[in-house]
A.B. asks: 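Before we start, here is the structure in question, set down as structure tokens.
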Amino acid sequence: MGGKGPADVGITVRKGDNFSEWYTQAVVKSGLADYAPVKGAIVLRPDGYSVWESVRKALDGRLSRRGVRNGFLPVLIPESLLKREGEHFAGFDPEVFWVTRAGGSEVGDRLALRPTSEALAYSMYSKWIKSWRDLPLRMNFWNTALRAEIKATKPFLRTSEFLWQEGHTAHAGREEAEAEAEAMLDVYREVSEEVLAVPVVAGRKSDAEKFVGAVYTSAIEAVMPDGKALQMGTSHFLGQNFSKAFDVRFLDRSNAERFAWQTSWGVSWRLIGAMVMVHGDDKGLVLPPRVAPVQAVLVPIYYSGEDRRAVVEAAEGAAALLEEGGVRVHVDSREEVTPGFKFHDWEMRGVPLRIEVGPRDVRSGTAAVARRTGGAKEDVPLGDMSRVGEMLEEIQAGMLEAARKRHAELSSSASTYGEIRGAAEGGGGLISAPWCGSPECERKVKDGAGAEIRVIPRGAAGEASGGEACAVCGGRARHRPVFARGY
RNA sequence: GGGGACGUAGGUUAGCAUGGCAUACUGCCAGCCUCGGGCGCUGGAGAUCGUGGGUUCAAAUCCCAUCGUUCCCA
């Protein structure tokens, strides 16, 4: 007993030593996903899909309350349609997959595999929207998008096909549409922080980084433990750019013909990647209880056949109680592996709570509950498992708190170009610095320091104070954006 | 956008310089085992050496191409 075990069953590198390799191992060995035999594509396994379903459920509830309804769009988009908004098309063209053959014959109007659905959705909206009474129109689509990734693919973060949702709305007035885009950003922030326990900065993208075709783009950005920023979700105010290109018009109350004001917004399974990076440790995943496929695993421990019966019975009884209480539980009754193996296994898979039930526990009428996030085991009565639910809540809150602390540690401010560069080349992280607003200064930081403007925070945090000078040119600063190297 | 590295059993890998029977561990299967932190024992199955082509009596090994993975720097 007590051997260290084979090196390659668990994760073989430490998170702090080789973050990239650690991430890939954490994703693959924990059973979330695996590589597919297609470049840049992954296969979601049940645990990974379950996490996605939890995210989806959390989002769907919030969308539904906002009057958004789900629909379905085809994956094929005719080139002629995609090209109607020229700037939009040009932005996506380099990474579009094209279908040029259908069975035995050439396709005249090439078909794109959707990189995003604005073109298709709004060509439909133009049919459906005729009157101010048809507005607002709010729809959401759970599907996949395809963007050809030439290199540097990474599970969940950068894949050629990814699961996401894209919401598309149309409104009668500009203010209403802008408020919609803003409200969606809040929904995303809430899901990221309250469900996945990943803190974010919400705000505007610079013009250089906005969605092609949008008037402006808002986004939530998180910082990963390696100091790189990760875009967690975007919400675009499209103005009338697309309604004009796709002819989304309506008659207002005064019988005047107007173009609709639109928004689109989306989050992808990238959220799962962020969750892995932010919370995982040397042992593997650490899943926030709200998305954990299994929230508590029961491990029966016994030596003799006699003990076995009593122990398994007690474990199953406790599991039944937990299920009644709404806890997602699993009893690990595998006989071919030892309890020690099971402990390691479930830790790698990130299950928030492990409940040990052995002969000692059965005699004392309790079970030993251990948290994935550490700390002493707690004895909980076998006949009353209500404490487990509380512990899950505590873990969820504790994970967000810990992540907020690390987020703060990875945030800094700079007032000169040299300081931005020093910070970017040092530990990285989110660097708040004054900026005049010019694309030239933004460009210089990106080219020289490798840090781009990830987001201009909402509210006071994103505004430069009276006398502040642009960190790059020394001119009058207008904003305090967050600079960072990004994924 | 630029530059490296690596593809051999499910996983990790030895062998490659100097061409000549395919290594090990782990996992898997069967049986045993007093299984509270990757326990131990016995037996067994598992490989078109990423793919395609070339050189050769002979290719995992040398050459070319291609696909995939990965790392670093814009």
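Values below: all heavy atoms of this structure, side chains included; hydrogens, waters and symmetry mates excluded. Numbers restart at 1 for each chain; the letters A, B, ... are given by sequence-line order, proteins then strands. Predicted model, so just to flag it, every value in this text is computed and none were measured.
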A.B. asks: Assign A:Glu425 to base, sugar-phosphate, or nothing according to its heavy-atom contacts below 4.0 angstrom with the strands shown.
C.D. replies: nothing

A.B. asks: Starting from P on B:rA74, measure out to NZ on A:Lys446 and report it in whole angstrom.
C.D. replies: 13 Å

A.B. asks: Nearest whole Å is fine: how far is B:rU70 P from A:Ile42 CD1?
C.D. replies: 11 Å

A.B. asks: For A:Tyr35 and B:rC6, what is the distance between atoms OH and P respectively, to the nearest whole Å?
C.D. replies: 18 Å

A.B. asks: Reckon A:Asp447 touches a base, only the sugar-phosphate, or nothing at all at heavy-atom distances under 4.0 Å?
C.D. replies: sugar-phosphate

A.B. asks: Looking at A:Glu394 and A:Arg371, is there a salt bridge between them, counting it only when a charged N and a carboxylate O are closer than 4.0 Å?
C.D. replies: yes

A.B. asks: Within the pair A:Thr153 and B:rU70, is there a side-chain N or O less than 4.0 Å away from OP1 or OP2?
C.D. replies: yes

A.B. asks: Have a look at A:Asp345 and tell me which of A:Arg334, A:Lys29, A:Lys283, A:Arg354 forms a salt bridge (Lys or Arg N to Asp or Glu O under 4.0 Å) with it.
C.D. replies: A:Arg334

A.B. asks: Under a 3.5 Å threshold, yes or no: a donor from one side chain and an acceptor from the other, between A:Arg480 and A:Ser432?
C.D. replies: yes

A.B. asks: Heavy atoms only, 4.0 Å cut-off, all strands: where does A:Val299 land among base, sugar-phosphate and nothing?
C.D. replies: nothing

A.B. asks: By nearest nucleotide on RNA chain B, pick out whichever of A:Val357 and A:Pro155 is the more 5' one.
C.D. replies: A:Val357

A.B. asks: Return no unless some side-chain N or O of A:Thr338 is found under 4.0 Å from OP1 or OP2 of B:rG38.
C.D. replies: no

A.B. asks: Closest nucleotide of RNA chain B for A:Pro359 versus for A:Gly448: which of these residues is on the 5' side?
C.D. replies: A:Pro359

A.B. asks: Measuring from the side chain of A:Lys39 (C-beta onward, heavy atoms only), which nucleotide among B:rG38, B:rG36, B:rG68 has the closest atom?
C.D. replies: B:rG68

A.B. asks: Scan A:Arg334 against the nucleic acid and name what it touches under 4.0 Å (heavy atoms): base, sugar-phosphate only, or nothing.
C.D. replies: nothing

A.B. asks: Scan A:Lys154 against the nucleic acid and name what it touches under 4.0 Å (heavy atoms): base, sugar-phosphate only, or nothing.
C.D. replies: sugar-phosphate

A.B. asks: Both distances under 3.5 Å, Watson-Crick or G-U wobble: on that basis, could you give the dot-bracket string for RNA chain B, with [ ] for crossing pairs and | for other-strand partners?
C.D. replies: (((((((..(((.......[...))).(((((.......))))).....(((((..]....)))))))))))).

A.B. asks: May I ask you to decide whether A:Glu356 forms a salt bridge with A:Lys377, counting only side-chain N to carboxylate O separations under 4.0 Å?
C.D. replies: yes

A.B. asks: Nearest-Å distance, CZ (A:Arg45) to P (B:rG11)?
C.D. replies: 12 Å

